[in-house]
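In what follows, a structure is listed as structure tokens, so that the remarks can point back to it.
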2 protein chains.
Amino acid sequence: MGTSLRDVARLAGVSVKTVSNVVNGYAHVSPATRAKVEGALSQLDYRPNLSARNLRQGRTGMIALALPELDAPYFAELSRCVIDAAAEHRWLVIIEQTGGGLERERRILDGVRDHHVDGLILSPVAVGAEELAARTDDTALVLLGERIYDGPADHVAIDNVRAAYDVTEHLIGLGRRRIAALGAQDDTASGTAPLRLAGYREALAAHGLPETVVKVDRYQRAEGAAAMTRLLASPEPPDAVFCFNDLLALGAMRTALAAGLRVPEDVALAGLDDIEDGRYSTPTLTTIAPDKNQLARIAVDLLKQRIDGHTARPPQEFTAGYHLIARESTMGGGLSRGVG
Amino acid sequence: MGTSLRDVARLAGVSVKTVSNVVNGYAHVSPATRAKVEGALSQLDYRPNLSARNLRQGRTGMIALALPELDAPYFAELSRCVIDAAAEHRWLVIIEQTGGGLERERRILDGVRDHHVDGLILSPVAVGAEELAARTDDTALVLLGERIYDGPADHVAIDNVRAAYDVTEHLIGLGRRRIAALGAQDDTASGTAPLRLAGYREALAAHGLPETVVKVDRYQRAEGAAAMTRLLASPEPPDAVFCFNDLLALGAMRTALAAGLRVPEDVALAGLDDIEDGRYSTPTLTTIAPDKNQLARIAVDLLKQRIDGHTARPPQEFTAGYHLIARESTMGGGLSRGVG
DNA sequence: CAACGTTGTTTCAACGTTGTAAACAGGTGC
DNA sequence: GCACCTGTTTACAACGTTGAAACAACGTTG
């Protein structure tokens, strides 16, 4: 359908390969022919056929980004960063949604060849280290956002243990003593939940405080709301809750306010992710802000290295930065409270 | 790199084309050879090379979805629906972010051929009807979510005028009399803003009520917050505000609560989009819920028709359903109020 | 001036797939 | 035995591109 090199070559009166050379910026083309060819190129409005180019070169110029759900704000924001970072390498990004399920994560790991992307950035939830090690596909792979010990692939994340420690210590520093953790998960070996839990425990232990842990199935508002209901029903409700992500925190906040509690006076709340919602909730949400752009950039750059063939290098761990943002849900100063 | 038809053919002792026939489910293959070939296929774990197939067939099996920003919750949720709907046709989706800018929208319209996607679903913001009509690319195109009059492409959206009318009437029905509209835009001919404004005006006119209109540049929380500040500073502040999308409403809510107002007692707020955030804000947000799945499905199906060659059909308009969800930000019953 | 390197251009083959058309086998009917 | 089906399989070419190698024209060097 579109114009091909053949058409351009015919019009310019040169060979197909010469046109190809001009298109690809090959050095040794005489100014005269180059001018001729470029004239023909723009006259016919030539666009290279990527399928053909990819077939010839064995590359597709596309990478896949597989994450649990696009409509979780954290992942949407992260996706945006990845797409932007990939654009710098002239890569297109195909987004796959795993739903956090083992079955679909497996299918994606296994089916990368189907789509013929050059590489895959996976934000794993269910899949574990041995699964990963056993995969037959040798497409470049980078893991994003979870820690899989001794995994067979490069990995980027923030230091989840330290981040959780920092949040907990922030709450302790504000004088809170009954600090609950909301967001633990049924003991999956992988995942960030155990790491965040570890950081929380370390901080409490360092100050000799007791721990309260509430589990959830998924990191969604509804789960946060439900878990908070359980917490408030306990004989000694917490005076602070560290939620393992912002969505849980926003759900918990909804429950607390609806129950007539003041946030943070009666109960302080903190999350992790720094999604935009938390900047506009009432009260605004204290959180850990991972450097999403850095995460995305490192992931993309690592993938690029793998794809370009530096595959000899053993899998490595990379850590992106984060910082604590103290807002009204712990510091107060906001004007919200429940109707007592 | 991967196994090709050639390898499978060699192993099965048949021709390449026979393997191709088996892979593609061609009817006239004897059970014996089919069995042989299928054995070889699974033994070698064959996966078709999409680049080659696409080159041969002139199709890529991918569509592009171009929208302003992936990290606006409405678009993230919509993307999810589009990806799911596209998956039913075995299409992959490449997401392009326009930032709502004219320049990038133009580049995408013009550059579709670069990526060699089979079709494009565009959620236009800046680009107008005449731009669209002038485009040289003949790739299948469906417009999503905005109304471009007499556009040269199929178009899907909800009935924005009626939706805005419904929200406004909802507010009137609750006894509000000073109802402001938040979210008008500098007179761009295209876009949904004029439509929503029209619906708002119709409803007010039907009840002989005065109008107050506040403009914003972008549909983001921060703009909603700022615009609300301006509204509250006026001599006669509104007792209800219809925000043209949920993000604006959440920003406005933040400002109202921070100013010590009770929502909805002092000022009722309504939005449009039904993003998840609004179900967990305090108070929860009254809104119009467009049927996002239906929007996505219609858009994808239309694109499929265009791609499959029913191009003779003139461009059409399609309307997806919506419904009003009355929540605490207008109905009350929530427990949130500012500190008076 | 012969051998050689450089620059500019072309020819050729191949990437993996599938549509077309043709070849082939095994019938049936006459 | 021949023409004629139907079902099954194959050879060939082509999609648009680019690496490798070949070639021609020229300037440099020994």
Side-chain angles (χ1 to χ4, degrees), chain A residues 1-41 44-62 90 113-118 139 308-309, chain B residues 1-41 44-62 90 113-118 139 308-309:
Chain A
M1 304 290 150
T3 4
S4 71
L5 287 180
R6 198 198 196 84
D7 305 319
V8 180
R10 194 149 30 209
L11 178 60
V14 297
S15 80
V16 172
K17 188 63 216 279
T18 298
V19 181
S20 168
N21 285 337
V22 171
V23 170
N24 291 30
Y26 180 64
H28 302 302
V29 179
S30 76
T33 41
R34 162 159 285 134
K36 252 194 314 186
V37 171
E38 275 169 351
L41 280 172
L44 296 179
D45 191 25
Y46 170 79
R47 313 290 179 104
N49 180 317
L50 293 195
S51 291
R53 180 178 284 177
N54 296 338
L55 171 60
R56 180 60 231 243
Q57 299 187 328
R59 297 257 179 109
T60 66
M62 293 182 289
R90 311 191 140 214
R113 273 170 301 190
D114 279 359
H115 306 141
H116 272 248
V117 293
D118 296 336
T139 311
D308 287 352
Chain B
M1 307 289 147
T3 10
S4 69
L5 288 180
R6 198 198 196 84
D7 305 320
V8 180
R10 193 148 32 209
L11 178 60
V14 297
S15 79
V16 172
K17 188 64 215 279
T18 298
V19 182
S20 169
N21 285 338
V22 171
V23 170
N24 292 23
Y26 179 64
H28 300 302
V29 180
S30 76
T33 39
R34 161 158 286 134
K36 253 194 314 185
V37 170
E38 274 169 351
L41 280 172
L44 295 179
D45 192 24
Y46 168 79
R47 314 290 180 103
N49 180 317
L50 293 194
S51 292
R53 180 177 282 176
N54 297 338
L55 170 60
R56 181 60 233 243
Q57 301 186 329
R59 297 257 179 107
T60 65
M62 292 183 289
R90 311 191 140 213
R113 273 170 303 188
D114 277 0
H115 307 142
H116 271 248
V117 291
D118 296 335
T139 311
D308 286 352

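Here is how names work: the chains are called A, B, and so on, in the same order as the sequence lines, proteins then strands, and each is numbered from 1.
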Out of D/dG16, D/dT8, D/dT18, which nucleotide sits closest to the side chain of A/Ser4? D/dG16
Closest-nucleotide mapping onto DNA chain C: is A/Ala52 or A/Asn21 further toward the 5' terminus? I mean the 5' end. A/Asn21
Base, sugar-phosphate, or nothing: which does B/Val14 touch, judged by heavy atoms less than 4.0 Å apart? sugar-phosphate
N/O (side chain, B/Thr18) to phosphate O (OP1/OP2, D/dT10) under 4.0 Å: yes
Base, sugar-phosphate or nothing for B/Asn24? Non-hydrogen atoms, less than 4.0 Å. sugar-phosphate
Counting just side-chain N and O atoms, does B/Tyr26 come under 4.0 Å of either OP1 or OP2 of C/dT20? no
Let me know, please, whether B/Ala27 or B/Lys17 comes out on the 5' side of the other along DNA chain D by nearest nucleotide. B/Ala27
For C/dT9, does either OP1 or OP2 sit under 4.0 Å from a side-chain N or O belonging to A/Thr33? yes
What does C/dT18 pair with, Watson-Crick or G-U, if both distances are under 3.5 Å? D/dA13
Do you know the tightest heavy-atom contact between B/Gly2 and B/Asp7? O-OD2, 4.2 Å
Take atom CZ of B/Arg6 as the centre, draw a 6.0 Å sphere, and report whether it contains more than 12 heavy atoms from other residues, nucleotides or ligands. no
Would you say B/Ser51's side chain and A/Asn54's backbone share a donor-acceptor pair under 3.5 angstrom? no
If you compare every side-chain N and O of A/Arg56 against the phosphate oxygens of C/dA14 (OP1, OP2), does one of them come in below 4.0 Å? no
So how far is it from B/Thr18 OG1 to B/Tyr26 OH, rounded to the nearest 0.5 Å? 10.0 Å
Between C/dT17, D/dT17, D/dA20, which nucleotide gets closest to the side-chain atoms of B/Pro48? C/dT17
Any strand counts, and the cut-off is 3.5 Å on both contacts for Watson-Crick or G-U wobble. Which nucleotide pairs with C/dT9? D/dA22
Distance test, side-chain N/O of B/Ser15 to OP1/OP2 of D/dT9, below 4.0 Å: no
Over all strands shown, is A/Ser30 touching base, sugar-phosphate only, or nothing at heavy-atom distances under 4.0 angstrom? sugar-phosphate
Hey, which of these two, B/Leu55 or B/His28, hits DNA chain D nearer its 5' end, going by closest nucleotide? B/His28
Between A/Val16 and A/Pro31, just flag the one whose closest nucleotide in DNA chain C comes earlier from the 5' side. A/Pro31
